[in-house]
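Below is one structure; the comments refer to it alone.
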Amino acid sequence: MGLHMARTPPRAALRKLVGAQITRVRRHGKYLLLDTDREVAILVHLGMTGRLRIHRAADPRVAHTHVVLGLGDRELRFIDARRFGQFDVVARGKERDHPALAVLGPDALDQAIDVPALLATAKDKRTTLKALVLDQRVIAGVGNIYASEALWRARLRPTQRTHKLTAPAAQRLAAAIREVLERALDNGGTTLSDFVDADGAAGENADYLWVYGRAGRPCPRCKTEIRRSVLQGRATYFCPTCQTP
DNA sequence: ATCACGACCTGGAGGC
DNA sequence: TGCCTCCAGGTCGTGA
């Protein structure tokens, strides 16, 4: 496999998994944790194109298969064409010491979003609402699609400065983030091109997006044409009428 | 310290 | 057909 791999652990770390049984799967933000009956857990981030799938051991390995863990006559495979993903082994109980996990804020769905804390964070910053929602240190788990969706739902302009966020707007934003993520999960996730779930199925949520990828089409609330802009290098979609600046 | 930008990668889509 | 450019769900390092 050579040097061109996704971020993967040294073989010595992977060897700690030999004989282990995966006992449960957890998630914090965009990171998955696969606990085992040993003193180690598997940490996975799928990046943009990562997949974690169970295959029969006899199935051919597709290109960009970076990690293979044998499971009897089956295999757990980590496949990632763009190599933006991560696959690592962490000591049990030391998960929060891992640099990727240490900086994460509370998970968006794990418990109710702390609105006063969100408001306080917003007051201290000079960036945009879009950047705030995408900042994994503030709330973990919201990606670029759902940032646009949540801001539309909360009727907030992505370019609005965070320190101007009002308490009612923060409340709307917190509710919108949860609503958008739960809706996406109900619909099996958003497949634009690559995403498939653990069983290999595409998600249907792209059919239900309000604004993301819908520039020039009518806002579902007010029929104004949705606009696309670029904020910090990321595509951003919004309604210029009903998302107040 | 905070913020915005480019880099990191591959592959698919569309123009010519 | 083929070659080119642009675009993509994320994060990280850099320099202002």
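Every chain is numbered from 1, with letters handed out A, B, ... down the list of sequences. All values reported here derive from a predicted model rather than from experimental measurement.
Under the 4.5 Å side-chain criterion, counting only non-hydrogen atoms from C-beta, Val230(A) is in contact with Arg228(A).
Contact between the side-chain N/O atoms of His64(A) and the OP1/OP2 oxygens of dG11(B) is found at a separation under 4.0 Å.
Along DNA chain B, the nucleotide nearest Leu231(A) and the nucleotide nearest Ala81(A) are compared for position; the residue whose nucleotide lies closer to the 5' end is Leu231(A). Closest-nucleotide positions on DNA chain B for Ala63(A) and Thr162(A) were compared, and the one nearer the 5' end corresponds to Thr162(A).
Pairs of residues two or more places apart, or lying in two chains, that qualify as salt bridge (charged side-chain N to carboxylate O under 4.0 Å, His left out) and include a residue from residues 172-188 of chain A are Arg153(A)-Glu179(A), Arg178(A)-Glu182(A). Pairs passing the salt bridge (charged side-chain N to carboxylate O under 4.0 Å, His left out) check and including a residue from residues 195-220 of chain A, sequence neighbours excluded, do not occur. Applying the salt bridge (charged side-chain N to carboxylate O under 4.0 Å, His left out) rule to pairs touching residues 113-130 of chain A yields Lys125(A)-Asp135(A), sequence neighbours excluded.
Gln232(A) has its CD atom 13 Å from the C1' atom of dG6(B), to the nearest Å.
Nucleotides dC9(B) and dC3(C) place their P atoms 24 Å apart, quoted to the nearest Å. Comparing the P positions of dG6(B) and dC6(C) gives a spacing of 14 Å, expressed to the nearest Å.
To the nearest 0.5 angstrom, Tyr212(A) atom OH is 5.0 Å from Asn144(A) atom CG. Residue Trp152(A) holds its CH2 atom at 5.5 Å from SG of Cys219(A), rounded to the nearest 0.5 Å.
If you check residues 203-210 of chain A against DNA chain C, you find no residue with a heavy atom closer than 4.0 Å.
Ring planes of His66(A) and Phe78(A): tilted class, angle from 30 to 60°.
Pairs of Watson-Crick or G-U wobble type, with distances under 3.5 Å, assemble into runs of 3 or more in DNA chain C at these ranges: B:2-8 with C:10-16, B:10-16 with C:2-8.
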* Please test Leu52(A) against Phe87(A) for side chain to side chain contact (heavy atoms under 4.5 Å, CB included), starting from the C-alpha separation and ending with a verdict. => CA-CA 10 Å; Leu52(A) 198 61; Phe87(A) 189 109; 4.2 Å; yes
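The one candidate from His28(A), Arg26(A), Arg27(A) that meets the side-chain hydrogen bond (donor to acceptor under 3.5 Å, both in side chains) condition with Asp107(A) is Arg27(A). The side-chain hydrogen bond (donor to acceptor under 3.5 Å, both in side chains) with Asp35(A) is formed by just one residue from the set Gln21(A), Arg92(A), Arg24(A); it is Arg24(A).
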* Which nucleotides of nucleotides 6-11 of chain C have their base under 4.0 Å from a protein heavy atom (B), which only their sugar-phosphate (S), and which neither (-), written as one string 5' to 3'? -> -SBBBB
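Ile79(A) and Val44(A) are members of different hydrophobic clusters when ILVMFWY side chains are connected at heavy-atom separations under 4.5 Å.
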